[in-house]
Amino acid sequence: MKRVITFGTFDLFHIGHLNILERAKNQGDYLIVGVSSDQLNFNKKQKYPICSEENRLRIISALRFVDEVFIEDSLELKGEYIEKYDADVLVMGNDWVGKFDEYKRVCEVVYLDRTPSISTTQLIEIIKS
Ligand code: CTP
């Protein structure tokens with residue numbers, strides 16, 4: 001059984017999120033999703049996501065093709081998470097091309113194309129304006 005792992009914030013869940021998770025699952029048989037914590041987002045962007053980590057985690061875990069979820073507390077722990085969850089494949093969006101190549105030592109690393117013309121940031125901007 002091929003185990004796939006991927007990571008993200010998944011705030012204001014949208015079609016780009018659905019597409020990448022569905023395609024991530026298609027890379028193997030079992031999909032594990034690390035949902036980044038509120039604190040991790042704050043540290044990275046100086047603002048908290050709109051939806052709490054608890055709610056973001058619940059939304060992701062309710063998807064038919066997601067098998068397991070956990071809260072990602074630190075960007076630096078990717079290697080540890082890959083090991084802990086015994087992942088064979090790491091999937092990331094192609095906004096990260098090359099950035100995770102160091103994990104090719106421990107698993108397959110696959111970058112999937114993002115869905116064009118949608119992002120959480122853009123949704124927030126549209127709603128604001
Ligand atoms: N993603 C995607 N297509 C999009 C938006 C996101 O494939 N149009 C993917 C990202 O590449 C990542 C995952 O969805 O693998 C979670 O991304 P996240 O950063 O949570 O979503 P964004 O919409 O990119 O959020 P933001 O605008 O805050 O960066």
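For ligands, and for the atoms within them, numbers begin at 1 and follow the listed sequence. All figures in this text were calculated on a predicted structure; none of them were measured in a lab. Positions are given from 1 along the sequence.
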* Within less than 4.0 angstrom of ligand 1, does Gln122 place any heavy atom? -> no
* Kindly check if the number of other-residue, nucleotide or ligand heavy atoms within 6.0 Å of CD (Glu54) is above 12? => no
* Asked: Counting each atom of ligand 1 from 1 as listed, which ones have a heavy atom of Asp95 under 4.0 Å away?
  -> 11 (O)
* To do: Using the six-membered ring wherever Trp is involved, compare the ring planes of Phe13 and Phe10 and label them parallel, tilted or perpendicular (cut-offs 30° and 60°).
  => tilted
* To do: Establish, from distance only, whether the side-chain atoms of Asn43 and Gln39 form a donor-acceptor pair under 3.5 Å.
  => yes
* Asked: Given that the side chain starts at C-beta and the backbone is N, CA, C, O, which of these parts of Val91 lies under 4.0 Å from ligand 1, counting heavy atoms, or is it both or neither?
  -> neither
* Asked: atom 8 (N) of ligand 1: which of Asn41, Thr120, Ile124, Ile118 has the nearest heavy atom?
  -> Ile118
* Are Asn19 and ligand 1 in contact, using a heavy-atom cut-off of under 4.0 Å? -> no
* Asked: Against heavy atoms of Thr9, which atoms of ligand 1 measure under 4.0 Å?
  -> 20 (O)
* Would you say ligand 1 has an N or O under 3.5 Å from any N or O of His14? -> yes
* **Top protein contact for atom 12 (C) of ligand 1, by heavy-atom distance** => Phe7 O, 4.4 Å
* Asked: Okay, side chain of Thr9, backbone of Asp11: is any donor-acceptor separation there less than 3.5 Å?
  -> no
* Are any side-chain N or O atoms of Asp86 and backbone N or O atoms of Ile82, one a donor and one an acceptor, separated by less than 3.5 Å? -> no
* **Heavy-atom nearest neighbour in the protein, as seen from atom 16 (C) of ligand 1, with distance rounded to 0.1 Å** => Phe10 CE2, 3.6 Å
* To do: Indicate yes or no: does Arg56 engage Asp38 in a salt bridge with an N to O separation below 4.0 Å.
  => yes
* In terms of the angle between their ring planes, are Phe7 and Phe70 parallel, tilted or perpendicular, with boundaries placed at 30° and 60°? -> perpendicular
* Asked: Counting only heavy atoms on the protein side, is anything nearer than 4.0 Å to atom 23 (O) of ligand 1?
  -> yes
* Taking N or O atoms only and a 3.5 Å limit, does Gly8 qualify as a polar contact for ligand 1? -> no
* **Phe100 backbone acceptor or donor facing Tyr111 side chain under 3.5 Å** => yes
* Thr115 N/O under 3.5 Å from ligand 1 N/O -> yes
* To do: Considering the heavy atoms of Ser119, write down every atom of ligand 1 situated less than 4.0 Å from one of them.
  => 23 (O), 27 (O)
* Asked: Got the closest protein heavy atom to atom 21 (O) of ligand 1, with its distance?
  -> His17 NE2, 2.9 Å
* Donor-acceptor pair, Arg114 side chain versus Asp95 backbone, under 3.5 Å? -> no
* Please say whether Asp113 places an N or O atom under 3.5 Å from an N or O atom belonging to ligand 1. => no
* To do: Please say whether Pro116 places an N or O atom under 3.5 Å from an N or O atom belonging to ligand 1.
  => no
* To do: Examine the side chains of Asn19 and Thr115 and answer whether a donor and an acceptor come within less than 3.5 Å of each other.
  => yes
* To do: With heavy atoms only and a cut-off of under 4.0 Å, state how Lys45 meets ligand 1: side chain, backbone, both or neither.
  => side chain
* Thinking salt bridges, do Lys2 and Asp88 make one under a 4.0 Å N-O criterion? -> no
* Looking at Gly93, which atoms of ligand 1 are within less than 4.0 Å of one of its heavy atoms? -> 11 (O), 15 (O)
* **Which segment of Thr121 sits under 4.0 Å of ligand 1 when only heavy atoms are counted** => both
* To do: Kindly confirm or rule out an N or O of Arg114 lying under 3.5 angstrom from an N or O of ligand 1.
  => yes
* To do: For the pair Thr6 (side chain) and Val91 (backbone), establish whether a donor and an acceptor sit closer than 3.5 Å, ignoring hydrogens and angles.
  => yes
